[in-house]
Every structure is written in structure tokens, then in C-alpha cells.
Amino acid sequence: NWPQLWDGHMCVLKEGPLNRTKMTENGKRLRKNWTTSHVILTELFLLFFKDAKSFIAMKNGNGRPELCIDLNGALVQKADKMSSRKNVYVISTVLRTQVLFQNDCNIQAESWLYGIQAAISNLPCS
Ligand code: I3P
């Protein structure tokens, strides 16, 4: 038996598409691989799904996000120098994983920045 990530009490603070790539894992630099994800912001995690259907499937007990970022103690910042793309931000976690996210629409990208910042600031390690 595997533990469930979604307990039914988790609150979705924000949901929608974003382009993203993992940049660092456990402090080690990776080769970028940009993809579009369906992203779910909760009080504790930023979850990246293949698409909206995969999120629904997980809520029904099937499937997992492709990536689960622990927001407790994390940092989110503008990342202009880390990509040639526009409106790029980086989330850096306590366990030294970095994920870049981006949207061509600056209002959309900023809205994710503010949402993620707010979630982080409500967690004990901020
Ligand atoms: C990378 C790819 C990425 C690009 C990255 C390239 O090449 O083009 O999209 O990042 O730039 O190295 P490859 O596919 O051969 O791995 P951005 O789109 O974020 O600029 P970088 O090396 O300057 O990070």
C-alpha cells in the first residue's frame, strides 16, 4: 500500500497551466527540459500534473503528480538570468531543488508568483 498525497481536505489556492522545467535536484544542475504542466497550488505543495485530467484522477485515488514541491521554507524569485524566456521565476526548496516556471503572459506569471509567495509566507519555516 502506498500513502495518498491528497486527503480530501487540501485546499486548492490556485490552478492552471504553466511552463516549467526542473533546473537543479539535490543541489545538482540538470539539463533543462521545458514542458507545460497543469499546476496546483495548495497550502503545503506546488504540484505539477501532466494535464487537468491527471489531477482529477489523483483526487479519485489514481495517479500522482509528476512533481511535488514542498513549499515550507522555499523561496520564489525572478529568474531573468536563468533563462532566455520571458517572465521566468525560480522556486528553490530546502532540499536544494530548483524549478523554473514561466508564462508568456506577464500578468499570469506574476499572479503565480504572488500566490506562491503568499503560501510560503503562511508556512512555519518562512
Ligand atoms: C537548452 C534548451 C533550453 C534552454 C537552454 C538550452 O538546450 O534550449 O530551452 O533554456 O538554455 O541549453 P538543449 O535542448 O540542447 O538542452 P531556456 O529556454 O530557458 O533559455 P541554457 O543552457 O541557457 O539554460
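A quick note: this is a predicted structure, and the numbers were derived from the prediction, not measured. Each ligand, and each atom within it, is numbered from 1 in the order the structure gives.
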Next item on the list: May I ask you to test the Gln102-Gln108 pair for a side-chain heavy-atom distance under 4.5 Å?
Entry: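 Not touching, per the 4.5 Å side-chain cut-off.
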
Distance filter under 4.0 Å to [X] heavy atoms, resulting ligand 1 atoms:
X	value
Lys32	10 (O), 11 (O), 17 (P), 19 (O), 20 (O), 21 (P), 24 (O)
Ser83	17 (P), 19 (O), 20 (O)
Arg29	24 (O)
Trp34	9 (O), 10 (O), 17 (P), 18 (O), 19 (O)
Arg85	18 (O)
Ser84	17 (P), 18 (O), 19 (O), 20 (O)

Within a distance of under 4.0 Å, is there any protein heavy atom near [atom]?
atom	result
atom 17 (P) of ligand 1	yes
atom 22 (O) of ligand 1	no
atom 12 (O) of ligand 1	no

Next item on the list: For atom 15 (O) of ligand 1, grab the closest protein heavy atom and report residue, atom and distance to one decimal in Å.
Entry: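 Here the closest protein heavy atom is Arg31 NH2, 2.9 Å.
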
Notebook entry, point to check: Taking atom types as modelled, is there a side-chain donor on Asn19 or Thr36 under 3.5 Å from an acceptor on the other?
Noted result: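 The answer is yes; a qualifying pair exists.
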
Item checked: Under 3.5 Å: donor-acceptor pair, side chain of Asn103, backbone of Asn106 ->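 Answer holds: no.
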
Checklist line | Flag, side chain of Ser37 to backbone of Val39, donor-acceptor distance under 3.5 Å | finding: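 Not confirmed, Ser37 side chain does not pair with Val39 backbone.
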
Note to self: Before you tell me yes or no, could you show the steps for Gln77 and Leu113 under side-chain contact (heavy atoms from CB on, under 4.5 Å), namely the whole-Å CA-CA distance, both residues' side-chain angles and the distance that decides it to 0.1 Å?
What the structure shows: CA-CA 8 Å; Gln77 296 168 292; Leu113 167 71; over 6 Å; no

Checklist line | Cluster overlap Leu71 with Val12, hydrophobic side-chain contacts below 4.5 Å | finding: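 Cluster IDs for Leu71 and Val12 match.
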
Checklist line | Within reach of ligand 1, part of Gln102 (heavy-atom separation under 4.0 Å) | finding: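 Under 4.0 Å from ligand 1, Gln102 contributes no heavy atoms.
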
Margin query: Can you tell me if Met23 contacts ligand 1 (heavy atom of the residue under 4.0 Å from the ligand)?
Written below: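 Heavy atoms of Met23 never come under 4.0 Å of ligand 1.
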
Note to self: Can you confirm if the aromatic rings of Trp6 and Phe55 lie within a centre distance of less than 6.0 Å?
What the structure shows: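 Yes; Trp6 has its ring centre under 6.0 Å from that of Phe55.
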
Margin query: Under a 4.0 Å threshold between the charged nitrogen and the carboxylate oxygen, would Glu66 count as salt-bridged to Lys22?
Written below: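 Here Lys22 does not pair with Glu66 in a salt bridge, since their nearest N and O are not under 4.0 Å apart.
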
